[in-house]
Amino acid sequence: MTNTIDNSIAKSYIGKVNIASDLSKENDVKLKEQTDKFEAFFIKKVLDVSMKNDNPLFGKSAGDGIYHSMYNDAISESMGGKFGLSQILFNFLKQKG
């Protein structure tokens, strides 16, 4: 007579743990993307305020505002996720669950 162990319950539990960890990783990736986007938004607002060019010595053309806005967008998107605010916000939100 051989003793066999029924591990079907253990296997089903392990499957659920792996699915939960995969969902957690997917949620972490999505949360990190959103915190990076928030950081880019924050940097753009800082650039918009700090890089105003209201110098009366130089004339303004119609496209200056659009050009400066696009420039600030490009700078902020490239810096998003690298400034440090994103990681702090990610860690805070991750702890709060």
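Computed from a predicted model, the values in this text were never measured in an experiment.
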Colleague: So, using side-chain hydrogen bond (donor to acceptor under 3.5 Å, both in side chains) as the criterion, who are the partners of Asp36 when residues are at least two apart?
Modeller: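 Residues passing side-chain hydrogen bond (donor to acceptor under 3.5 Å, both in side chains) with Asp36: Lys32, Ser86.
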
Colleague: For the NZ atom of Lys30 and the CD atom of Glu26, what is their distance to the nearest 0.5 Å?
Modeller: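 Result: 4.5 Å between the selected atoms.
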
Colleague: With salt bridge (Lys or Arg N to Asp or Glu O under 4.0 Å) as the criterion, how do Lys37 and Glu33 come out once you've worked through the C-alpha distance, each side chain's angles and the decisive distance to 0.1 Å?
Modeller: CA-CA 6 Å; Lys37 287 180 182 179; Glu33 287 174 2; 5.6 Å; no

Colleague: Phe41 and Ile75: same hydrophobic cluster, using ILVMFWY side-chain contacts below 4.5 Å?
Modeller: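 No, Phe41 and Ile75 fall in different hydrophobic clusters.
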
Colleague: Treat each ILVMFWY residue as a node, draw an edge where side-chain heavy atoms are under 4.5 Å apart, and state whether Leu89 and Val46 are in one component.
Modeller: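 Shared cluster, yes.
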
Colleague: Which pairs, with at least one residue in residues 69-94 and sequence neighbours excluded, count as a salt bridge (charged side-chain N to carboxylate O under 4.0 Å, His left out)?
Modeller: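 Only Asp28-Lys94, Lys44-Asp73 qualify under salt bridge (charged side-chain N to carboxylate O under 4.0 Å, His left out).
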
Colleague: Does Ile66 share a hydrophobic cluster with Tyr71, counting links as ILVMFWY side-chain heavy atoms below 4.5 Å and allowing steps through other members?
Modeller: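 The answer is no; the residues belong to distinct hydrophobic clusters.
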
Colleague: Are Phe42 and Val49 in one and the same hydrophobic cluster, where Ile, Leu, Val, Met, Phe, Trp and Tyr link if side-chain heavy atoms are under 4.5 Å apart?
Modeller: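 Different clusters: Phe42 never reaches Val49 through Ile, Leu, Val, Met, Phe, Trp or Tyr contacts under 4.5 Å.
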
Colleague: Not counting sequence neighbours, which residues clear side chain to side chain contact (heavy atoms under 4.5 Å, CB included) with Ile43? List them please.
Modeller: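 Counting only residues at least two positions away or on another chain, Ile43 forms a side chain to side chain contact (heavy atoms under 4.5 Å, CB included) with Glu39, Leu47, Ser76, Met79, Phe83.
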
Colleague: Once rounded to the nearest 0.5 Å, what's the spacing between atom CZ of Phe38 and atom CG of Leu93?
Modeller: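 It is 10.0 Å, given to the nearest 0.5 Å.
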
Colleague: Quick one: pull up CZ in Phe90 and CD in Gln87 and give me the separation to the nearest 0.5 Å.
Modeller: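 Going from the CZ atom of Phe90 to the CD atom of Gln87 covers 6.5 Å.
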
Colleague: Looking only at the side chains, is there a donor atom on one of Asn91 and Gln95 sitting less than 3.5 Å from an acceptor on the other?
Modeller: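 No, because no side-chain N or O of Asn91 sits under 3.5 Å from a partner of the opposite role on Gln95.
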
Colleague: Could you grab the distance from atom CG of Asp48 to atom CG of Asn72, nearest 0.5 Å is fine?
Modeller: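 That separation rounds to 5.0 Å.
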
